[in-house]
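Single-structure report; data block below.
Please read all numbers here as calculations on a predicted model, not as lab measurements. Numbers restart at 1 for each chain; the letters A, B, ... are given by sequence-line order, proteins then strands.
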Amino acid sequence: MPDARVRTRFAPSPTGALHFGSVRTALFAWLTARHAGGAFILRIEDTDQERYIPGTEALILETLSWLGLNWDEGPEVGGPHDPYIQSLRIAVYREHADTLVADGNAYWCTCTPARLAAMREEQRARSEPTRYDRRCLTRQAEVAVERANGIAAVVRLRMPDGVSEWDDLVRGHVSFNNADIDDQVLLKSDGFPTYHLAVVVDDHLMEISHVIRSDEWIPSTPKHLALYAAFGWDPPRFAHVPAVLGPDHQKLSKRRGARNVLEYGELGYLPSAIVNAIALLGWSSGDEQEVFTPQELIERFTLERVNSAAAIFDPKRLDDLNGIHIRRMSTDDLVEALEFPLPGTSKETRRQLIPMLRERMVTLADATRLCAPLLGEIKLDESVEFPPKKVDQATAVKMIDACIEAIVDGGLDNHAALLERLRAVAEAAGVKPRDAFRVLYIAVLGSPTGLPVIEAMMFLGKEKSLQRLSDARARLG
RNA sequence: GCCCGCAUCGUCUAGCGGUCAGGACACCACCCUUUCAAGGUGGUAACCGGGGUUCGACUCCCCGUGCGGGUACCA
């Protein structure tokens, strides 16, 4: 159902590069917007000055762009709700916090961190939930004096009584008893808002219709709902997507080695394959299709089909999908994509290589290894048996001599004739072609495996091929 | 401690009271084959445990267990 009113956002904090977990959340939000024909907004949540890591903001934009997750409003492109960087919107949050205090939905608090810590410790000891005891709420006149005297103060949400509940698009009905929920700090003593205040104010002001975020936010949602109610605003729909776990069953995190998604590009993974792989982490189409282009994903994706259980990322699955996406690429696109793994080659050279390469790459980087014997000299590897197993010296000599002879006679243009002639020699020697041909692979490529040998020789040309064959012939004695 | 969530092959998942529990990755075998791949065919492999509800539970309810998350003047 096209619905231009659907507005989703991805709101990362610039505290590090994006990993598969965060990118998947971004993807789900992007797909939801694109599926509906709505808008996708990017907002930078940099309200924590302590954790800010310079440069990561640029990294985030680069990652999303590389993956093709384009945003309609946000950094670089602007939009009607500019700025989209929270540290530039401090006045807005401050104003809203004042309103909350004026209406009695929030209050100033001057409790010290030390008192708070002691309080929580006692609560734990009594098996009670840890939450602010509202000491300052009962002494607001004194707090006002303290503030006037320059004592550090924060604004806390006055969590209402009752129950908080909502129908989560992936979880279904969720409810919390408000008595278990803390009076959250909304404005820190440094004047910056906490996430909770900023996210609600911005999501409302930016007209976000669907808040799609990771499920670690579930316990905070009652606080957000209380804020919407306090402001008199309609809350958005919520969709809490499950976590992505690493092979150790722990949540993906930078510490513990979760890779920066951009690194996958350097390793030769395609954006479309990565998008496909992470979409399948928690989402399924409902039929048996598992290979999707980004466009197909846009058509098929709905939040209702997102699974609520955490998923472990499987690199093998990405490899499989990457190979499939490479095989489905057009030759022109491959010519471009191969420039990085095959530096210094011409477009024409890459075009010639592609037919041999296409079915053999898991990542684009495999092209480097596979093409090395064709683009440079072969390296003699001591560990490569020559002649190979199941082939005796005499047969090896016959294969090489026959190959040299055939090339001298007929050149390299007639692929079929050359193949036929070599097969005949192998059979006459009583050796299976599969074994006998290994001799040629080692001679021409330096390895018993690799690109198809006749095609490789055609690429190398007559002179170079003959040279390698006679070098190998000499090694056989 | 307190609160919340999740639970099907090793992994990602389908399933929405009655199925031989399906697919994909990985793995194994075979076929194809100039190597390696790719492709094709087949195979091994799962409903966390215990109670209910029901004529009948993977499916609904409860308890337990396990795992994850929250519990901050971090997001």
Open item on the list: Is there a side-chain contact between A:R213 and the phosphate of B:rG69, meaning an N or O under 4.0 Å from OP1 or OP2?
Closed with: no
TODO: Kindly point out which of B:rU35, B:rG1, B:rA75 is positioned nearest to the side chain of A:T449?
DONE: B:rU35
- [ ] Identify whether any heavy atom of A:R126 sits under 4.0 Å from a base atom; if not, whether one sits that close to sugar-phosphate; answer base, sugar-phosphate or nothing.
- [x] nothing
- [ ] Taking only the side-chain nitrogens and oxygens of A:S308, find out if one of them lies under 4.0 Å from OP1 or OP2 of B:rG5.
- [x] no
- [ ] Between B:rU71 and B:rG51, how far apart are the C1' atoms? Round to whole Å, please.
- [x] 32 Å
Open item on the list: Show the nearest heavy-atom pair for residues A:Y84 and A:L42, with the distance to one decimal.
Closed with: CB-O, 3.6 Å
Open item on the list: Just to be sure I understand the rule, does A:V453 reach a base, reach only the sugar-phosphate, or reach nothing, if contact means heavy atoms closer than 4.0 Å?
Closed with: base
Open item on the list: Using a heavy-atom cut-off of 4.0 Å across all strands, would you classify A:T47 as base, sugar-phosphate, or nothing?
Closed with: sugar-phosphate
Open item on the list: Classify A:E216 by what it touches in the nucleic acid, base, sugar-phosphate, or nothing, heavy-atom distance under 4.0 Å.
Closed with: base
- [ ] Check every strand shown and say whether A:C403 touches a base, only sugar-phosphate, or nothing at a heavy-atom separation below 4.0 Å.
- [x] nothing
TODO: Please state whether the phosphate of B:rA14, meaning OP1 or OP2, lies under 4.0 angstrom from any side-chain nitrogen or oxygen of A:N307.
DONE: yes
Open item on the list: Classify A:L419 by what it touches in the nucleic acid, base, sugar-phosphate, or nothing, heavy-atom distance under 4.0 Å.
Closed with: base
Open item on the list: Can you see if the side chain of A:R434 gets near the phosphate of B:rC36 - specifically, an N or O under 4.0 Å from OP1 or OP2?
Closed with: yes
Task: Options B:rG10, B:rC4, B:rG69, nucleotide nearest the side-chain atoms of A:F176 - done: B:rC4
Task: Under-4.0 Å side-chain N/O to phosphate OP1/OP2 contact, A:Q250 with B:rG68 - done: yes
Open item on the list: Here's one to test your reading of the geometry: is the NZ or CZ of A:R156 within 45 degrees of the ring axis of A:W108 and under 6.0 Å from its centre?
Closed with: no
- [ ] Just call it for A:S127: base, sugar-phosphate, or nothing, with non-hydrogen atoms closer than 4.0 Å on any strand.
- [x] sugar-phosphate
- [ ] For B:rU54 and B:rC4, measure between their C1' atoms and round to the nearest Å.
- [x] 31 Å
Task: From B:rC12, B:rA75, B:rU34, nucleotide with atom closest to A:I454 side chain - done: B:rU34
Open item on the list: So, does A:K188 get its side chain near the phosphate of B:rC74, meaning an N or O under 4.0 Å from OP1 or OP2?
Closed with: yes
Task: B:rG49 and B:rA57, which share atom name C1', separated by this distance in whole Å - done: 16 Å
TODO: Identify whether any heavy atom of A:T15 sits under 4.0 Å from a base atom; if not, whether one sits that close to sugar-phosphate; answer base, sugar-phosphate or nothing.
DONE: nothing
- [ ] Taking atom P in both B:rA24 and B:rA14, compute the distance separating them and give it to the nearest angstrom.
- [x] 15 Å
TODO: Please say whether the positively charged group of A:R43, taken as NZ for Lys or CZ for Arg, lies over the ring of A:F10, i.e. under 6.0 angstrom from the six-membered ring centre and within 45 degrees of the axis.
DONE: no
TODO: Select one nucleotide: of B:rA14, B:rC25, B:rA75, the one nearest the side-chain heavy atoms of A:S284.
DONE: B:rA14
TODO: Only one of A:V23, A:V261, A:L321 passes side chain to side chain contact (heavy atoms under 4.5 Å, CB included) with A:I278; say which it is.
DONE: A:V23
TODO: Among the candidates B:rC6, B:rC73, B:rG22, find the nucleotide nearest to the side-chain atoms of A:E288.
DONE: B:rG22
TODO: Check every atom of B:rU34, B:rU11, B:rA14 against the side chain of A:R305 and return the nucleotide holding the closest atom.
DONE: B:rA14
Open item on the list: Using a heavy-atom cut-off of 4.0 Å across all strands, would you classify A:A311 as base, sugar-phosphate, or nothing?
Closed with: sugar-phosphate
Task: Closest to side chain of A:R423, choosing from B:rC25, B:rA7, B:rU34 - done: B:rU34
Task: Nearest-neighbour nucleotide for the A:T130 side chain, B:rA75, B:rC25, B:rG1 considered - done: B:rG1
Open item on the list: Using the side chain to side chain contact (heavy atoms under 4.5 Å, CB included) definition, which of the options A:L225, A:V163, A:I218 pairs with A:F176?
Closed with: A:I218
- [ ] Give a yes/no on whether any side-chain N or O of A:R120 is located under 4.0 angstrom from OP1 or OP2 of B:rG1.
- [x] no
TODO: May I ask you to say what A:R438 touches in the nucleic acid, namely base, sugar-phosphate or nothing, with a heavy-atom cut-off under 4.0 Å?
DONE: sugar-phosphate
